[in-house]
Engineer: 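Dropping the structure in here first, questions after.
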Amino acid sequence: MKLTIDQLTGKSRTHLVSLPCPHSPNHFLQPQAVQAFQGLQQSAVQNGFNLQPASSFRDFQRQQLIWNAKFNGERKVHDDQGNAIDLSRLDDWQKAQAILRWSAMPGASRHHWGTEIDFFDPDLLLVNQPLQLEPWEYQQGGYFFELSQFLQEKLPHFDFALPFMQCNKYLNVGREPWHISYLPLADIAEQQLNPEILLQVWQNEQIAGKITLEKNINKVFKQFLS
């Protein structure tokens with residue numbers, strides 16, 4: 001299914017339906033992705049896991065809030081070891097690159113498409129331990145290591161993949177073992193997105209560092225998106 005520009009960039013959710021979730025009613029995906037994820041959940045249950053979404057569809061405004069808060073130093077920007085980066089020492093382009101390692105620009109997030117899920121198992125979290133969505137939680141010794149190992153084997157059977165674990169070696173993005181993508185629809189959306197569309201949807205939007213992003217938009221696509 002080819003998306004409209006507003007659907008592609010998180011400004012519309014007309015392509016989505018609700019993903020039933022006992023922990024939150026606010027999860028949405030494209031219908032085909034919902035069906036595939038529910039099949040994956042059933043397989044997980046049969047193997048002793050309670051597979052649940054931590055995040056699914058995220059609209060433009062939400063991504064904008066995340067981006068602006070990070071760029072303005074109001075929200076943590078971390079390195080690959082989870083340590084906070086002091087953005088006050090960086091110029092705007094360096095700030096943008098540090099954020100882009102782990103967070104997409106508004107309009108450019110895969111979570112806009114209704115094909116992406118950040119997963120976890122609430123039954124495996126320790127009491128009073130909040131979910132961090134950081135690599136150590138999914139690596140050996142982490143809460144979700146066994147679930148992660150199980151999914152690496154099962155995902156292809158349901159047409160899901162780990163887009164930020166199997167990235168083009170030239171991309172400068174962090175590894176996200178919690179992020180799965182429904183490929184039959186995500187591949188179509190990925191082919192649609194281009195710099196011209198982003199520049200179009202950014203008009204009249206307050207985006208921190210927008211001048212720098214616009215100036216370097218082709219570099220952004222080459223290093224972080226394509």
Side-chain angles (χ1 to χ4, degrees), residues 1-3 7-8 10 13-59 62-63 82 102-104 109-168 171 173-192:
M1 171 183 167
K2 188 174 181 179
L3 302 179
Q7 291 170 341
L8 184 67
R13 60 176 68 201
T14 56
H15 54 312
L16 308 175
V17 296
S18 177
L19 170 64
C21 176
H23 302 280
S24 169
N26 298 315
H27 290 285
F28 299 90
L29 295 171
Q30 293 192 48
Q32 190 176 336
V34 167
Q35 185 176 3
F37 184 68
Q38 289 177 327
L40 184 61
Q41 283 182 306
Q42 292 170 8
S43 180
V45 167
Q46 293 167 4
N47 286 271
F49 298 107
N50 180 17
L51 177 65
Q52 295 296 331
S55 179
S56 52
F57 170 73
R58 190 181 304 140
D59 66 18
R62 177 60 182 160
Q63 196 68 28
W102 297 103
S103 295
S109 174
R110 295 178 68 101
H111 282 283
H112 297 329
W113 306 340
T115 59
E116 313 298 300
I117 300 166
D118 294 338
F119 72 84
F120 79 122
D121 182 338
D123 297 343
L124 297 178
L125 275 174
L126 299 181
V127 177
N128 298 321
Q129 174 63 50
L131 179 67
Q132 304 293 314
L133 286 182
E134 294 189 359
W136 62 268
E137 294 173 296
Y138 296 79
Q139 295 168 353
Q140 191 160 9
Y143 318 122
F144 309 128
F145 175 69
E146 291 184 355
L147 172 60
S148 185
Q149 293 292 105
F150 163 76
L151 287 178
Q152 285 183 38
E153 177 184 344
K154 286 294 182 181
L155 288 176
H157 298 287
F158 296 90
D159 292 323
F160 282 96
L162 293 153
F164 297 113
M165 294 295 287
Q166 304 160 348
C167 283
N168 181 319
L171 287 185
V173 293
R175 293 164 64 84
E176 295 188 359
W178 56 83
H179 183 134
I180 61 174
S181 178
Y182 184 63
L183 290 185
L185 300 177
D187 284 349
I188 296 171
E190 187 174 23
Q191 291 168 15
Q192 284 184 253

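Values below: every heavy atom of this structure, side chains too, minus hydrogens, waters and symmetry copies. Model, not experiment: these values are computed from the prediction.
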Engineer: Hey, what do you get for CD1 (Ile117) to CG (Leu29), rounding to the nearest 0.5 Å?
Structural biologist: 4.5 Å
Engineer: Looking at every non-hydrogen atom in both residues, tell me the closest pair between Phe160 and Ala33 and how far apart they are.
Structural biologist: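 What the structure gives for the nearest pair is CZ-O, 4.1 Å.
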Engineer: Could you tell me the separation between the CG atom of Asn50 and the CG atom of Asp121, rounded to the nearest 0.5 Å?
Structural biologist: 5.0 Å
Engineer: Verify side-chain contact (heavy atoms from CB on, under 4.5 Å) between Phe145 and Gln140, making sure each step is shown before the conclusion.
Structural biologist: CA-CA 5 Å; Phe145 175 69; Gln140 191 160 9; 3.9 Å; yes
Engineer: Within the structure provided, determine whether Leu131 and Glu137 are in side-chain contact (heavy-atom separation under 4.5 Å).
Structural biologist: yes
Engineer: In the structure I gave you, are the side-chain heavy atoms of Val17 and Gln30 within less than 4.5 Å of one another anywhere?
Structural biologist: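 The answer is no, as the side chains (C-beta and beyond) never meet within the 4.5 Å cut-off.
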Engineer: Might you confirm whether atom CD of Gln129 has over 12 heavy atoms from other residues, nucleotides or ligands at distances under 6.0 Å?
Structural biologist: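 It does: Gln129 CD has more than 12 such atoms within range.
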Engineer: Are any non-hydrogen side-chain atoms of Phe28 and Leu19 less than 4.5 angstrom apart?
Structural biologist: no
Engineer: Of all the heavy-atom pairs spanning Ala36 and Tyr182, show the shortest one and how long it is.
Structural biologist: CB-CE1, 3.4 Å
Engineer: Under the criterion side-chain hydrogen bond (donor to acceptor under 3.5 Å, both in side chains), which of Ser18, Ser56, Ser55 is the partner of His27?
Structural biologist: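 So, applying the side-chain hydrogen bond (donor to acceptor under 3.5 Å, both in side chains) to His27 and each of Ser18, Ser56, Ser55, only Ser56 qualifies.
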Engineer: State, with a plain yes or no, whether a side-chain heavy atom of His111 is found less than 4.5 Å away from one of Phe57.
Structural biologist: no
Engineer: Are side-chain heavy atoms of Pro130 and Gln132 found at a separation under 4.5 Å?
Structural biologist: yes
Engineer: What's the spacing between Ile180 CD1 and Asp159 CG if we round to 0.5 Å?
Structural biologist: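 So the CD1 of Ile180 and the CG of Asp159 are separated by 11.5 Å.
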Engineer: Phe119 and ring-ring contact (aromatic ring centres under 6.0 Å, His included): which single residue from Tyr138, Phe37, Phe49 fits?
Structural biologist: Tyr138
Engineer: Heavy atoms, side chains only, cut-off 4.5 Å: are Phe120 and Trp178 in contact?
Structural biologist: no
Engineer: Show the nearest heavy-atom pair for residues Gln32 and Pro184, with the distance to one decimal.
Structural biologist: NE2-CB, 4.0 Å
Engineer: Just how far is it from atom CD of Gln52 to atom CG of Leu147, taken to the nearest 0.5 Å?
Structural biologist: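 Result: 10.5 Å between the selected atoms.
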Engineer: Is any side-chain heavy atom of Asp118 less than 4.5 Å from a side-chain heavy atom of Arg58?
Structural biologist: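 Yes, their side chains come closer than 4.5 Å.
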Engineer: Pairing donors with acceptors under 3.5 angstrom, does anything connect the side chains of Gln7 and Thr14?
Structural biologist: yes
Engineer: Ignoring hydrogens, what is the shortest heavy-atom contact between Ala189 and Leu3? Give both atom names and the distance.
Structural biologist: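 Closest pair (atom of Ala189, atom of Leu3, distance): CB-CD1, 4.1 Å.
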Engineer: Going by distance alone, is a donor N or O of one side chain under 3.5 Å from an acceptor N or O of the other, for Arg110 and Thr115?
Structural biologist: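 Side chains of Arg110 and Thr115: no pair found under 3.5 Å.
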Engineer: For a quick test of reading the model, state the closest non-hydrogen atom pair linking His112 to His15 and the distance between them.
Structural biologist: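 Distance-wise, the nearest heavy atoms are O-NE2, 3.3 Å.
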Engineer: Are side-chain heavy atoms of Pro163 and Glu176 found at a separation under 4.5 Å?
Structural biologist: no
Engineer: Do Trp136 and Tyr143 have ring centroids that are under 6.0 Å from one another?
Structural biologist: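 That pair passes the under 6.0 Å test.
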Engineer: Should we count CD of Glu146 as having more than 12 external heavy atoms under 6.0 Å?
Structural biologist: no
Engineer: What verdict does the side-chain contact (heavy atoms from CB on, under 4.5 Å) test give for Leu40 and Leu51, after you've listed the backbone C-alpha separation in whole Å, the side-chain angles of each residue and the deciding distance to 0.1 Å?
Structural biologist: CA-CA 8 Å; Leu40 184 61; Leu51 177 65; 3.7 Å; yes
Engineer: For Ala186 and Trp113, which heavy atoms make the closest approach, and how far apart are they?
Structural biologist: O-CZ3, 3.6 Å
Engineer: Just wondering, are more than 12 heavy atoms of other shown residues or ligands nearer than 6.0 Å to CD in Gln35?
Structural biologist: no
Engineer: Could you give the distance from CD (Glu153) to CD (Gln149), rounded to the nearest 0.5 Å?
Structural biologist: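 Going from the CD atom of Glu153 to the CD atom of Gln149 covers 10.0 Å.
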Engineer: Can you see whether His179 engages Glu116 through a side-chain donor-acceptor pair at a distance of less than 3.5 angstrom?
Structural biologist: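 Present: a donor and an acceptor within the cut-off.
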